[in-house]
Amino acid sequence: MDYKYIEQLLERYWACETSLQEEHILRTFFQQEEVPAHLMAYKAVFAVQQEQAEPVLGEDFDERMLQKVEGETVKALPFGGAGRGTAWVSGFRPLYQAAGLVALVLTIGIAAQRSFDEGNQSQQTQFAQSDSLTRPADEFVVLPEQQEAAVAAGQDSVNLTR
Amino acid sequence: MRKISFRDDVLPLKNGLYRLALRITLNAAEAEDTVQDTLIRVWEHREEWEQIESIEAYAYTICRNIALDIAGKAGHGNVQFSTINLSADSQISNFNSQLLPDESQEKQERLSLVRKLMDTLPEVQRSIMELRDIEGKTYQEIANILQLSESQVKVYLHRARTSIRQQAEKIEKYGL
């Protein structure tokens with residue numbers, strides 16, 4: 001059998017002139033059990049290359065890695081893979097919504113109430129907002145009283161600005 | 001440009017990165033640590049992913065730097081690696097000699113000599129051989145990863161292949 005082609009490829013391989021495909025042909029050639037004697041010297045070179053292509057990471061590597069990386073993210077992931085760090089944040093989410101809703105209703109309520117009492121609407125809305133930010137939440141439980149207080153506070157501020 | 005995802009674009013690079021780290025550190029545990037640190041560092045720079053030309057080359061560059069760092073810190077040079085490999089090889093050939101005829105033992109010894117030779121090449125030659133012969137990267141990709149010019153990559157690879165060739169021919173001529 002003629003090995004001219006392989007010999008030529010090999011020469012070009014040592015000279016770094018082969019393409020990736022040609023290098024693949026060489027590797028495949030040297031993989032076979034029987035190699036002509038004069039090419040035997042190079043069989044081990046390609047065999048070691050094959051060997052060095054084998055090592056891979058363990059199967060649990062991905063999971064460990066994703067846990068490390070996704071543990072930081074706030075966004076939930078497709079398959080319940082969200083890290084422990086995010087679980088408690090999302091657990092409080094309904095409470096945030098409820099608190100937001102209460103604040104919104106009260107603000108509108110106060111604003112509406114005041115628009116009956118006074119003419120300047122835009123100013124009142126502004127005061128109502130500042131009230132809802134500074135006042136402790138438990139004061140809002142008894143609505144009528146609280147609204148009177150808010151209105152009083154609003155009027156005080158108005159007086160000051162006049 | 002398509003959005004880069006850690007799970008689909010970065011994580012699948014792990015085994016190639018692992019083999020590169022292994023060729024540099026010549027130690028499986030250190031190579032695994034290297035890959036972990038590499039992927040975390042790539043993740044930490046996720047804001048910049050869209051500006052990076054090749055996320056793969058980027059990851060390989062980081063991997064090589066971390067591996068060099070770890071190998072340097074551990075303070076072991078090539079000499080020590082070779083002795084580690086040598087003892088592992090002799091265990092393999094001892095095992096084989098119990099079961100297999102002489103010819104196979106000779107084959108094992110031949111392999112172990114080539115292995116040793118490859119492990120004692122300078123790191124840059126080892127890394128280039130790994131990226132070219134094992135991972136099948138183009139010269140341009142390798143140049144990108146190692147931050148060298150393509151012709152420099154070829155010069156290093158040529159040196160590596162020439163030493164391997166000479167050594168292989170010497171073994172053949174004068175025996176093991």
Side-chain angles (χ1 to χ4, degrees), chain A residues 7 9-28 30 33-73 75 77-79 81-83, chain B residues 6-7 10-12 14-19 21-23 28 31-32 35-36 39-40 42-44 46 107-119 126 128-130 132-139 153-162 164-173:
Chain A
E7 285 160 21
L9 275 190
L10 205 50
E11 277 309 314
R12 290 178 48 233
Y13 175 78
W14 303 124
C16 301
E17 287 164 2
T18 39
S19 68
L20 285 167
Q21 287 92 325
E22 288 170 327
E23 287 166 22
H24 182 73
I25 293 169
L26 276 177
R27 225 157 275 135
T28 313
F30 280 103
E33 270 310 308
E34 293 305 314
V35 168
H38 71 291
L39 295 176
M40 203 56 205
Y42 314 115
K43 192 171 160 50
V45 175
F46 292 95
V48 170
Q49 284 184 5
Q50 295 284 349
E51 221 176 63
Q52 287 173 349
E54 280 164 19
V56 288
L57 285 160
E59 284 185 6
D60 59 333
F61 183 85
D62 281 15
E63 206 183 316
R64 269 188 293 136
M65 205 64 228
L66 286 170
Q67 225 168 44
K68 269 182 204 264
V69 159
E70 290 172 353
E72 299 174 22
T73 58
K75 223 168 111 185
L77 282 145
F79 65 92
Chain B
F6 183 83
R7 196 183 284 260
V10 180
L11 197 54
K14 64 179 179 168
N15 286 326
L17 295 172
Y18 177 62
R19 286 187 291 262
L22 202 55
R23 294 307 304 143
E32 183 165 345
V35 181
Q36 229 176 68
L39 295 181
I40 287 170
V42 172
W43 171 251
E44 283 169 354
R46 59 192 177 280
K107 208 169 103 187
Q108 283 302 324
E109 277 166 26
R110 216 189 277 262
L111 282 178
S112 105
L113 269 170
V114 174
R115 243 180 252 139
K116 248 192 292 171
L117 178 68
M118 286 190 178
D119 289 352
R126 261 185 287 153
I128 291 174
M129 275 197 120
E130 152 70 26
R132 179 71 187 186
D133 288 328
I134 316 298
E135 308 305 326
K137 302 250 175 278
T138 65
Y139 290 121
V153 169
K154 278 194 186 184
V155 166
Y156 283 124
L157 185 64
H158 190 249
R159 272 181 213 163
R161 284 182 179 171
T162 304
I164 299 282
R165 176 192 195 174
Q166 284 169 351
Q167 211 68 20
E169 287 170 358
K170 216 165 86 186
I171 295 168
E172 192 63 23
K173 222 179 201 166

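Here is the naming used below: chain letters follow the sequence lines, and residue numbers restart at 1 for every chain. We use all heavy atoms of the structure for the numbers below, so side chains are in, but hydrogens, waters and symmetry mates are not.
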Quiz item: If you measure from CG on A:L20 to NZ on B:K137, what distance do you get to the nearest 0.5 Å?
Solution: 10.0 Å
Exercise. Heavy atoms only, distances under 4.5 angstrom: which of A:L10, A:L57, A:V48, A:D62 has the most pairs with chain B? Name it, please.
Key: A:L57
Quiz item: Tell me, side chain or backbone of A:Q49 under 4.5 Å from chain B's heavy atoms, or both, or neither?
Solution: both
Quiz prompt | Rounded distance (nearest 0.5 Å) linking atom NZ of B:K107 with atom NZ of A:K43 | solution = 6.0 Å
Quiz item: Got a sec: does the OH of B:Y18 have more than 12 other heavy atoms crowding it under 6.0 Å?
Solution: yes
Self-check item: Partners passing salt bridge (charged side-chain N to carboxylate O under 4.0 Å, His left out) against A:E51 (at least two apart in sequence or in another chain)
Solution: B:R115
Quiz prompt | chain A contact via B:R23 - which portion, at a heavy-atom distance below 4.5 Å | solution = side chain
Quiz item: Minimum heavy-atom separation for A:A53 to B:R19, with atom names?
Solution: O-NH1, 3.2 Å
Exercise. Could you tell me whether A:E17 atom CD has more than 12 heavy atoms of other residues or ligands within 6.0 Å of it?
Key: yes
Quiz item: Roughly how far, to the nearest 0.5 Å, is the OH atom of A:Y42 from the CD1 atom of B:I171?
Solution: 11.5 Å
Quiz item: If every non-hydrogen atom of B:A168 is compared with every non-hydrogen atom of A:V45, which pair is closest and at what distance?
Solution: CB-CG2, 4.0 Å
Quiz item: If you round to the nearest 0.5 Å, how far is CG of B:L111 from CD of A:Q50?
Solution: 11.5 Å
Self-check item: chain A contacts, top residue of B:T162, B:V114, B:I164 (heavy-atom pairs, under 4.5 Å)
Solution: B:V114
Quiz item: Can you tell which of B:E130, B:E169, B:Q167, B:K173 has the highest number of heavy-atom pairs within less than 4.5 Å of chain A?
Solution: B:E169
Self-check item: Sidechain N-carboxylate O distance under 4.0 Å for A:E11, B:R165
Solution: yes
Quiz item: Taking C-beta and beyond as the side chain, do B:Q36 and A:F61 meet within less than 4.5 Å on heavy atoms?
Solution: yes
Practice problem: Measure from the side-chain N and O atoms of B:N15 to the backbone N and O of A:P55, and report whether any donor-acceptor pair falls under 3.5 Å. | Solution: no
Quiz prompt | Separation between CE of A:M65 and CG of B:L11, rounded to the nearest 0.5 Å | solution = 7.5 Å
Exercise. Walk me through it: do A:Q52 and B:L22 pass the test side-chain contact (heavy atoms from CB on, under 4.5 Å)?
Key: CA-CA 9 Å; A:Q52 287 173 349; B:L22 202 55; over 6 Å; no
Quiz prompt | Considering all heavy atoms, the nearest A:W14-B:H158 contact | solution = O-CD2, 3.1 Å
Quiz item: If you tally heavy-atom pairs under 4.5 Å against chain B, which of A:C16, A:A44, A:A15 wins?
Solution: A:C16
